[in-house]
**Student:** 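I'd like to ask you about the structure that follows.
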Amino acid sequence: MTATMVSVQQRLGARRILGLSPLTWVLVVVGLVLVPLVRVLTSSTPLTATTTFTAAILSTAPIALAALGGVWAERAGVVNIGLEGQMLLGTWGAAYFNWYYGPWVGLLGGVLLGVVGGLLHAIATITFGVDQIVSGVAVNIIAAGAVDFLSKAFFSQITPNGGPRNLSGLYSLPTVNVGGLDTWLSKLNGRHWFLVSDVAGLVGSLISHVSVVSLLVIALAVLSWWLLRRTTFGLRLRSCGENPAAAESLGVNVYRYKYVAVLVSGGFAGLGGAFLTTVASSTFTVGQTQGRGYIGLAAMIFGNWNPFGALGASALFGYADALRLRSASSLHALLLLLAIGLLLLTVWRLLRRQLRSAAVNGVIGVAFLLWFLLTDSIPKDLGGMTPYLVTLLVLSLASQNLRMPAADGKPYRKGSAG
Amino acid sequence: MVTSETALAPLVELRDIGKRFPGVVANHDVNVTIRPGTVHALVGENGAGKSTLMKILYGVQRPDDGTVLVDGTEHAFKSPSDAIAVGIGMVFQHFMLADNLTVLENCVLGAERIHGIAGKARAAFVDLGQRFGFDLDPDALVEDLGVAARQRLEIVKVLYRGAQVIILDEPTAVLVPQEVDQLFTNLRDLRASGHSLLFISHKLDEVLAIADDITVMRRGTTVGEAKPGSVTKRQLAELMVGSELPSPETAESTVQTRMMLSLAGVSLVVGERSVLDGIDLTIHKGEVLGIAGVEGNGQTELVEVIMGMTKPTSGAIVLGDVDVTAMSTRGRREAGIGYIPEDRQRHGLLLDAPLWENRILGHQTQPPNARGPWIDRRGARRDTERIVEQYDVRTPSIDTNARALSGGNQQKLIVGREMSGDPVLLMASHPTRGVDVGAQAAIWDHIRDARKAGLAVLLISADLDELIGLSDTIEVILRGRLVGTFDPTTVTPAELGTAMTGGHD
């Protein structure tokens, strides 16, 4: 077992760029060409419309924030299932502080409440050595109850915007718009030229009326990568997730780094919650996260515990989700996209003589191709879950060789060194 | 007290150290004095308190009594960083390395303040490697390193922090003879450059070869000091155990003609790698076949294939005259294969179950443990009493949890259990690893007795003396292949070591 892993690492490890494997990079490039191609073939313009990408950014950001939070905690060896709960706390915190103190304080309020959720998880798992899954589930349950209670207690009296389960009319945050370029790009996008218009759509969504918080998410991913990979602090933090006994024997205060990691993790999740209430909408409702914390966790795993990987996997979720929201009909085009992608992956695996996974990919790819060719649309009942299904499938087939931190999920007691 | 003395002043002094854990006195009245620029050996059996003492000196644990003096100044280390700050470094027996980090990252971890973690640190690392002859690639992942390279990295780590005193906890336990020589060369270079080394071991030959001073520990306290020139191995051993050195040697051959186990062309391919490659071997009744090899060359897989835990890719396994290739592990055990696993805590025992339940493990379908589909509690308990008695398992009762026993006693229980099933073949992986001298002798005796009674044994061990002493034949395994057969009456450890590493000096 370990022997094969070593050889795989040796083959792939040397050429990792930004911590991502060559296969990931190939997929990114192929995706850039494939999506426009399918758009042309199926003449399903919403696939690369600026509006789709704009919606995708809004869908991606909260998932990405949860995923980044997950990366932080798990790199230090703490599994944080509580992301969902910390995100929930963030939605309430953002709403409360936004209502009374304005949008920026609201954002911080979301982060603060997320950190509180993280603190709960940290105390239980790090100080008291509680099983991390048990604690995480507890955090989720406590957070759900707390948000329910807090919104009843604080938002019921606010009229007319408030209610026991919601608060609307929150202040919004500024957006960035690179003047002139946006109209030009959207015109270009409307021409439907192969690749050019598609790229224009993507770029347009990133510079026209994009929330500063969305851009902040990208900055945070870069910052996380730099901190974890390139600084002393990050090395120490990662060492706690790989071999805490070794770290302690070298004078690293394992508990402190784990605490920092889990608090940051909670903060990211809280910011994700704040995004939902104040950027993606201007309304708080109870249970607003709808499982995005868990999706973030999945994105983190498929992103191989790497900030950029997590961001990429989240973007895939977000894109599929946006398609569902913007244009149910283009979901059908997604089937062709998926089929071509899987068949290409089959070829890649065949070239590397990974026969079994090539066969699996090939069969599923052909199945999707047939599905695309034999039908005209996706049944309505399936529409809602298709994006998740598709993304999960793509990610689980494409991301193999995942490597989680060696001591992830294991409680560590001080003095275990030696 | 000791303020300004000459170079002869002790570098490190441990005075009247005492350390108690709940129910155990690990150290009491321990006195050790280390002179600068010397190799100081600390010898003693397992459980004599050496490791606790080292952890105290390295700040992992705090002493209950006594004082630690470095350069004449008293120190109370709160954590390893305090010890590192005054120039004490430690190489643990179980390496303290993170597999998924690079060599350089492992080295600079915790010592980032010296040269950062990037270019300057790399230069310092490379320079250190060249100066002391450690050949390490800073960008390799630690999981790709062999045991000897990991140990070199551990030593470089300590040097990188500017340590003057380096503690080495049983550094040779994991090395083959050639690697030990290489290590000793490194250690002598370090001594020549003014470092002091504290060398912990229970291998007396090695201690006599490298040490300048020797301190002996027994039952938690220091019982004597010696110089290598004026003491013999036997005297040291007697100090250590209070009795004579046991020896693994067997008397006359008891090999019979009947074939007990034969493997024909057994291969195992994992992924794309050939882990076992065309293994042919035969063990007769009354024969001990020793397998020598550097860890990770297929020994574990060989045992798992014979036990039926892994299915071989090709080849046949015949036990007696039954082809067991397709048989389950359960079936094979019932056909008479006893198994002493290499990692007793992971594979041999339920640590949090009482001894009598552990007695049932692996024999849960056979008397005296079972009657029909039911467990025979009384029978199992009675038989556990017998094992405890016969195999000298030191335990307060058979209701004690296995975890509470020392390693040697756990191992004796496993040996007793496996011998009780009347096996025709015993698979013994490292049967005396981590076991103290007394228990080791007892286990050797049991294997010898069983062999006389006609048991076939497959013995895998990293202890070459044990292999040479107990085996009737020795096969060397290298990268999944049997590469040489040796006669234990004529072979030397050095010859085996050469074959094990596939090289010639």
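Letters A, B, ... mirror the listed sequences (proteins, then strands); counts begin at 1.
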**Student:** Is it the backbone or the side chain of B:Leu109 that comes under 4.5 Å from a heavy atom of chain A, or both, or neither?
**Tutor:**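 Its backbone and side chain both get close to chain A.
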**Student:** With a 4.5 angstrom heavy-atom cut-off, could you sort out which part of B:Asn106 is near chain A: side chain, backbone, both or neither?
**Tutor:**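 The answer is the backbone of B:Asn106.
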**Student:** A:Arg230 versus chain B, heavy atoms under 4.5 Å apart: side chain, backbone, both or neither?
**Tutor:**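 Contact with chain B involves the backbone of A:Arg230 alone.
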**Student:** Is it true that B:Arg403 and B:Asp352 have a side-chain N and a carboxylate O under 4.0 angstrom from each other?
**Tutor:**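 Yes, B:Arg403 and B:Asp352 are salt-bridged.
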**Student:** Thinking salt bridges, do B:Arg150 and B:Asp99 make one under a 4.0 Å N-O criterion?
**Tutor:**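 Between B:Asp99 and B:Arg150 there is a salt bridge, with a charged N closer than 4.0 Å to a carboxylate O.
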**Student:** Looking at B:Glu105, B:Arg113, B:Met54, which has the largest count of heavy-atom pairs under 4.5 Å with chain A?
**Tutor:**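 Heavy-atom pairs under 4.5 Å are most numerous for B:Glu105.
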**Student:** Using side chain to side chain contact (heavy atoms under 4.5 Å, CB included), reason through B:Val147 and B:Phe95 one step at a time and then give a plain yes or no.
**Tutor:** CA-CA 9 Å; B:Val147 175; B:Phe95 299 139; 3.9 Å; yes
**Student:** Could you go through the side chain to side chain contact (heavy atoms under 4.5 Å, CB included) check for A:Ser224 and A:Val71 one step at a time?
**Tutor:** CA-CA 9 Å; A:Ser224 296; A:Val71 170; over 6 Å; no
